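Structure first, commentary second.
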There are 2 protein chains.
Amino acid sequence: MKITLDKSIGAATVRLSKKVTRIINHHLKPYCITTEQWSVLRTLYECDHITQKQLSERSDKDQATLTKILDLLVKNGFVERIPNPNDRRSFFIKITEKGSSLSEELIPFLENIYGIIIEGIPDEKLTIFQEVLVSLEDSIQHLLDHQTERRN
Amino acid sequence: MKITLDKSIGAATVRLSKKVTRIINHHLKPYCITTEQWSVLRTLYECDHITQKQLSERSDKDQATLTKILDLLVKNGFVERIPNPNDRRSFFIKITEKGSSLSEELIPFLENIYGIIIEGIPDEKLTIFQEVLVSLEDSIQHLLDHQTERRN
DNA sequence: TAAATATAATTTGTATACAAACTACTTTAT
DNA sequence: ATAAAGTAGTTTGTATACAAATTATATTTA
């Protein structure tokens with residue numbers, strides 16, 4: 001019997017994602033940072049001194065969720081919140097020296113881990129994998145945007 | 001500059017997974033069930049009357065997490081816990097008539113939604129996507145298993 | 001100029017992932 | 001027969017995703 005798309009696309013993608021998170025979290029543990037915190041830190045490392053709103057958009061994270069993640073990153077000394085002189089509601093988020101150092105260390109570290117994970121998979125197949133990934137994401141984003149419009 | 005594997009494989013997979021979860025949760029909302037609850041229900045629909053331990057293994061869910069998900073599925077009338085006569089620690093989890101009906105309805109419903117999501121993506125590319133997905137999962141599972149062994 | 005509306009971020013509540021500890025029960029060793 | 005070790009499931013705590021409400025502030029409108 002034919003396997004459903006729910007299982008072959010949906011559940012399989014979610015399962016892979018959880019395994020990726022699991023193994024990367026395992027390797028990040030000694031650095032006192034999680035995969036989600038790292039994704040925020042990396043976003044800042046690439047484009048520093050932006051507002052929380054902008055960071056939320058760039059890292060594709062819910063603002064409520066980002067507030068909590070930033071609390072942890074601030075507590076661990078990787079970033080700091082700087083009041084926006086032009087808008088008392090708003091903060092700029094800035095990476096610290098400690099955060100920059102960690103980022104410089106983690107980028108090659110994670111490249112190595114992923115290098116091990118993808119070992120044995122032909123480059124052409126990985127390229128197609130990434131293309132399909134982007135296509136699926138765009139397709140879903142379009143549906144999500146359309147859903148938001150209908151609510152308005 | 002070359003994009004890192006962390007971003008092109010890791011973060012991209014996680015991002016797609018979240019979007020899949022988001023759009024499917026949106027569509028499931030009228031049925032009072034979430035994607036994770038559905039994945040447990042579907043596992044039972046396919047292989048009913050098994051212990052919580054077995055269900056945890058088959059659905060690849062943490063036992064603590066599964067306990068909470070089952071609490072909700074029981075509360076909503078989709079499954080029931082039946083004491084195991086041979087082992088007072090253990091339960092059999094059984095799908096209810098309501099749970100079966102919902103499963104029969106959701107399978108084609110979700111097939112339709114995923115059909116829309118994958119529209120425009122050539123079958124050959126989807127096939128490669130699924131192959132790479134499985135390869136990556138196996139690779140990571142191997143690393144996870146190896147990590148568990150080292151701890152022991 | 002004051003009122004109304006909009007916005008940035010936070011808080012609260014629920015769902016789920018995971019780690020670790022706990023409780024009740026079963027199996028194994030002595 | 002009893003103690004020790006192991007197991008099934010639950011509870012507690014933390015991290016993150018998301019929805020909705022809230023607070024403080026900025027902007028727009030009347």
Side-chain angles (χ1 to χ4, degrees), chain A residues 11 14-26 28-29 32-41 50-57 59-76 81-93 144 147-148 151-152, chain B residues 11 14-26 28-29 32-41 50-57 59-76 81-93 144 147-148 151-152:
Chain A
V14 170
R15 202 167 52 244
L16 174 61
S17 170
K18 285 170 180 169
K19 285 192 161 117
V20 166
T21 298
R22 212 177 289 167
I23 192 69
I24 301 302
N25 268 331
H26 168 73
L28 288 179
K29 210 178 182 73
C32 296
I33 195 168
T34 66
T35 55
E36 298 308 321
Q37 291 164 19
W38 164 240
S39 83
V40 170
L41 190 65
I50 58 180
T51 67
Q52 214 161 292
K53 176 71 188 303
Q54 290 168 325
L55 183 55
S56 165
E57 285 161 0
S59 58
D60 194 34
K61 281 192 184 312
D62 188 74
Q63 280 200 268
T65 303
L66 184 62
T67 295
K68 297 182 176 188
I69 291 178
L70 286 179
D71 286 347
L72 294 169
L73 288 173
V74 167
K75 180 184 163 194
N76 290 328
R81 281 182 171 103
I82 297 173
N84 183 343
N86 301 323
D87 186 339
R88 296 220 293 268
R89 297 170 298 179
S90 171
F91 297 95
F92 286 110
I93 311 299
L144 288 168
Q147 153 212 335
T148 300
R151 191 163 52 231
N152 290 354
Chain B
V14 170
R15 201 165 54 244
L16 174 61
S17 169
K18 284 170 181 169
K19 285 189 163 121
V20 166
T21 299
R22 211 176 289 169
I23 193 69
I24 300 301
N25 268 333
H26 169 72
L28 288 178
K29 209 177 182 73
C32 295
I33 194 166
T34 65
T35 55
E36 299 308 319
Q37 290 164 20
W38 164 240
S39 83
V40 171
L41 191 67
I50 57 179
T51 67
Q52 213 160 295
K53 176 74 187 304
Q54 290 168 325
L55 183 54
S56 166
E57 286 160 0
S59 58
D60 193 34
K61 282 196 182 309
D62 186 74
Q63 282 201 267
T65 303
L66 183 62
T67 296
K68 297 183 177 189
I69 291 177
L70 285 178
D71 286 346
L72 294 169
L73 288 173
V74 167
K75 181 183 165 197
N76 290 329
R81 282 180 169 103
I82 299 174
N84 182 344
N86 301 323
D87 188 336
R88 293 219 292 264
R89 297 169 295 177
S90 171
F91 299 96
F92 286 108
I93 311 299
L144 287 168
Q147 153 212 335
T148 300
R151 190 162 54 232
N152 289 354

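Residue numbers start from 1 in every chain, and the chains themselves are labelled A, B, ... in the order their sequence lines are given, proteins ahead of strands. Keep in mind the model is a prediction, meaning the values are calculated, not measured.
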Return the polar atom pairs (N/O with N/O) between nucleotides 10-12 of chain D and the protein under 3.5 Å, or none.
from    : atom 1 : to       : atom 2 : distance (Å)
dT10(D) : OP2    : Gln52(B) : NE2    : 2.4
dT10(D) : OP2    : Thr67(B) : OG1    : 2.7

Please give me the minimum heavy-atom distance between [X] and [Y], naming the atom from each residue.
X        : Y        : value
Val40(A) : Leu73(A) : CG1-CD1, 3.7 Å
Leu28(A) : Ile33(A) : CB-O, 3.3 Å
Leu66(B) : Gln52(B) : CD2-O, 3.4 Å
Ser39(A) : Lys61(A) : OG-CE, 3.6 Å

### Query
Between the main-chain N or O of Phe92(B) and the side-chain N or O of Thr51(B), is there a donor-acceptor pair closer than 3.5 Å?
no

Could I get a table of every N or O pair under 3.5 Å where one atom is in the protein and the other is in nucleotides 24-27 of chain D?
from    : atom 1 : to       : atom 2 : distance (Å)
dT25(D) : O2     : Arg89(A) : NH1    : 3.3
dA26(D) : OP1    : Arg88(A) : N      : 3.2
dA26(D) : O4'    : Arg89(A) : NE     : 3.4
dA26(D) : O4'    : Arg89(A) : NH2    : 3.3

Taking atom [atom2] of [N] as reference, at what distance in whole Å does atom [atom1] of [X] sit?
X        : N       : atom1 : atom2 : value
Ile69(A) : dA9(C)  : CD1   : P     : 15 Å
Ile33(B) : dT16(C) : CD1   : P     : 9 Å
Ile93(A) : dA8(C)  : CD1   : C1'   : 11 Å
Leu16(A) : dA17(C) : CG    : P     : 15 Å
Ile24(B) : dC18(D) : CD1   : C1'   : 16 Å
Lys18(B) : dT16(C) : NZ    : C1'   : 13 Å
Leu73(B) : dT16(C) : CG    : C1'   : 13 Å
Gln54(A) : dT7(C)  : CD    : P     : 15 Å

### Query
What nucleotide among dA17(C), dA9(C), dG9(D) has an atom nearest to a side-chain atom of Glu36(B)?
dA17(C)

#### Entry: side-chain contact (heavy atoms from CB on, under 4.5 Å) assessment of Lys19(B) paired with Asp60(A)
CA-CA 10 Å; Lys19(B) 285 189 163 121; Asp60(A) 194 34; 3.9 Å; yes

### Message
Do the side chains of Asp62(A) and Lys68(A) get close enough for a salt bridge, i.e. N-O under 4.0 angstrom?
### Response
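Salt bridge: no.
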
### Query
So which one's nearest nucleotide on DNA chain C is more toward 5', Asp60(B) or Lys75(B)?
Lys75(B)

### Task
Determine: side-chain N/O of Lys53(B) to OP1/OP2 of dG9(D), distance under 4.0 Å, yes or no.
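No, outside the criterion.
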
### Message
Check the phosphate of dA9(C) against Ser90(A), side-chain N and O only, distance under 4.0 Å to OP1 or OP2. Yes or no?
### Response
yes

### Task
Please assess Leu72(B) against Thr34(B) for the test side-chain contact (heavy atoms from CB on, under 4.5 Å), listing each intermediate value before the final yes or no.
CA-CA 10 Å; Leu72(B) 294 169; Thr34(B) 65; over 6 Å; no

### Task
For Leu144(A) and His26(B), run side-chain contact (heavy atoms from CB on, under 4.5 Å): C-alpha distance rounded to whole Å, both residues' side-chain angles, the deciding distance at 0.1 Å, then the answer.
CA-CA 9 Å; Leu144(A) 288 168; His26(B) 169 72; 5.6 Å; no

### Query
Which residue, Gln37(A) or Lys29(B), contacts DNA chain D at a nucleotide closer to its 5' end, judged by nearest heavy atom?
Gln37(A)

